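A quick write-up on the structure given underneath.
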Amino acid sequence: MVEQSSDVGSDLLAQLDRATVATRCSCGCASIDLAVDRAEEDKKEPMELIGDYAWRTKAGNLCGAYLFTRRGHLAGLDLWSIDGAETPSTLPEIQALFPLADLQKADPVGTDNS
C-alpha cells in the first residue's frame with residue numbers, strides 16, 4: 001500500500017522495515033496501530049491518509065482499508081465494512097486491493113455487490 005501511494009516519499013518506504021504492530025483494534029476487526037522504531041505516535045495528532053483501498057472478502061463482501069501517518073510516521077491501517085455485511089477480521093491479500101476511488105467511480109454509493 002505504501003508503494004502504491006503516489007504522494008509517498010522514500011522516507012515512508014524506509015520506515016516499513018522499522019514498523020511493528022503496536023496495538024490491535026478491540027472491536028474484533030483487523031485494524032492495527034503501528035509504531036516506527038518502537039515509538040507509537042500520539043493519537044491526538046491528526047491522521048494523514050496515504051492510501052485508500054477496497055477489496056472483496058472471500059464471501060464477496062465489500063471492505064475498505066486505509067493506511068495513515070501521523071507527523072510523517074507510519075501510524076496505522078484501518079479496516080472497515082463498506083457494505084455492512086462483514087467486519088474484516090483478517091488483513092486483505094495485497095493483490096485483492098484496488099483503489100477506493102475506482103469503486104466510487106463505478107458505484108458512487110459503494111454498495112454494488114455484483
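As the structure is a computational prediction, the values presented were derived from the model and not from experiment. For the numbers below, each heavy atom of this structure counts, side chains included, while hydrogens, waters and symmetry mates do not.
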Quiz item: Atom OG of Ser31 and atom CG of Leu77: how far apart are they, to the nearest 0.5 Å?
Solution: 6.5 Å
Quiz item: If you round to the nearest 0.5 Å, how far is CD of Glu48 from CG of Leu67?
Solution: 11.0 Å
Self-check item: Min side-chain heavy-atom separation Leu79-Pro92 under 4.5 Å
Solution: yes
Self-check item: Atom pair CG/CG of Leu62 and Asp83 - distance to nearest 0.5 Å
Solution: 5.5 Å
Quiz item: Trp55 versus Leu97: any side-chain heavy-atom pair under 4.5 Å?
Solution: yes
Quiz item: If you measure from CG on Asp33 to CG on Leu74, what distance do you get to the nearest 0.5 Å?
Solution: 12.0 Å
Quiz prompt | Smallest separation among heavy atoms of Ala85 and Ser81, with atom names | solution = N-OG, 3.3 Å
Quiz item: Nearest 0.5 Å, what's the CD-CD distance between Glu93 and Gln95?
Solution: 5.0 Å
Exercise. Taking all non-hydrogen atoms of both residues into account, name the closest pair between Glu86 and Ala59 and its distance.
Key: OE1-CB, 3.9 Å
Quiz prompt | Test item: Leu12 and Ile50 side chains (from C-beta on) under 4.5 Å apart, heavy atoms | solution = yes
Self-check item: Full working for side chain to side chain contact (heavy atoms under 4.5 Å, CB included) between Ile82 and Leu103
Solution: CA-CA 11 Å; Ile82 293 174; Leu103 173 69; 4.1 Å; yes
Exercise. Nearest 0.5 Å please: distance from the CD atom of Glu40 over to the OG1 atom of Thr23.
Key: 5.0 Å
Self-check item: Test item: side-chain donor near acceptor, Asp78 and Tyr66, under 3.5 Å
Solution: yes
Practice problem: For the pair Arg70 (side chain) and Glu45 (backbone), establish whether a donor and an acceptor sit closer than 3.5 Å, ignoring hydrogens and angles. | Solution: yes
Quiz item: Side chain of Gln15, backbone of Ala35: donor and acceptor closer than 3.5 Å?
Solution: no
